[in-house]
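The first residue in the sequence is number 1, and the count goes up from there.
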Amino acid sequence: MAVTQRRGRRIMMTPEELDAFLAERRTCRVATVSADGRPHVSALWFAWDGTSLWLYSLTRSRRWADLRRDPRMAVVVDDGEEYGELRGVELAGTAVFVGEAPRTGADCPELRVPEALFARRNFGLVAMPHDGRHAWLRLTPDAVASWDFRKLSAR
C-alpha cells in the first residue's frame, strides 16, 4: 500500500493508527465511475483485515454495475464533528470480485476471515448470514491518504 500524500504529512496517520481507525469504524463512502463518466458515491459497511477493505455490496446496485464495467474505486472512511476532531482515510485502487455473486454461502476460503469480521462487527454473529442478494468486493489499495486533525492541537 503506497502512501501518496506529499502535503499534510504531519497530520497523516501512522500505519498503526490507520489499522486501529479502520478496525473501529463501520461505514464508508464508496466512489465509482458511472457509464456516463459521472461519479457515484454510496455508503456501505465494510471490514478491514489489515491489508484490504472488504465490501459486501448488493449485486443489483448501481455501484456493482459501475464496478463491473470499470473496477476503479475510491473509498473514504472518516470521523469527527468539529474541525479539530476530523480524521479519516481515502483508499483508492481496483475492486476485485471474490466468491460467488450473489453470495449464498458456498465454501470460499478467501472469505473466511472477512466474513467472520463482518458478521461479528455488524451483526453480532459468529457466522455470516447470506441473503442471496449481496456479494463481496475486495479493495487492496494502491494509494492511501489519511488525516488526523487532532494532531494539530498536540503541537
Atom of [X], atom of [Y] and distance for their closest heavy-atom approach:
X      : Y      : result
Ser146 : Leu18  : CB-CD1, 4.1 Å
Asp107 : Arg112 : OD1-NH2, 2.9 Å
Ala95  : Met73  : CB-SD, 3.5 Å
Arg121 : Leu22  : NH1-O, 3.6 Å
Thr27  : Ala43  : CG2-CB, 4.2 Å

Answer yes or no: is there a donor N or O on one side and an acceptor on the other, between the side chain of [X] and the main chain of [Y], under 3.5 Å?
X      : Y      : value
Thr59  : Arg133 : yes
Lys151 : Met12  : yes
Arg26  : Asn122 : yes
Arg87  : Ile11  : no
Glu100 : Gly105 : yes
Arg68  : Pro71  : no
Ser52  : Arg138 : no
Arg69  : Val33  : yes

[X] with [Y], same ILVMFWY side-chain cluster at under 4.5 Å:
X      : Y      : answer
Met128 : Leu55  : no
Val77  : Leu117 : no
Trp48  : Phe21  : yes
Tyr56  : Val126 : no
Leu86  : Leu152 : yes

Rounded at 0.5 Å granularity, tell me how far [atom1] in [X] sits from [atom2] in [Y].
X      : Y     : atom1 : atom2 : value
Ser57  : Leu67 : OG    : CG    : 7.5 Å
Asp148 : Asp79 : CG    : CG    : 9.5 Å
Arg38  : Asp66 : CZ    : CG    : 12.0 Å
Asp142 : Thr94 : CG    : OG1   : 5.5 Å

Side-chain heavy atoms of [X] within contact of [Y], under 4.5 Å:
X      : Y      : result
Leu111 : Trp136 : yes
Arg29  : Asp78  : yes
Asp49  : Pro114 : no
Leu139 : Leu137 : no
Trp54  : Phe118 : no
Leu44  : Arg63  : yes
Thr51  : Thr140 : yes

Could you tell me whether Glu17 and Arg150 make a salt bridge, using a distance below 4.0 angstrom between a side-chain N and a carboxylate O?
->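 No, no charged N to carboxylate O under 4.0 Å.
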
Can you list the steps and then say if Cys108 with Glu115 is a side chain to side chain contact (heavy atoms under 4.5 Å, CB included)?
-> CA-CA 10 Å; Cys108 182; Glu115 285 190 342; over 6 Å; no

Does the cation-pi check pass for Arg25 over Phe46, that is, NZ or CZ under 6.0 Å from the six-membered ring centre and within 45° of its axis?
-> no

On the 0 to 90° scale, with breaks at 30° and 60°, tag the Phe97-Trp64 ring pair as parallel, tilted or perpendicular.
-> perpendicular

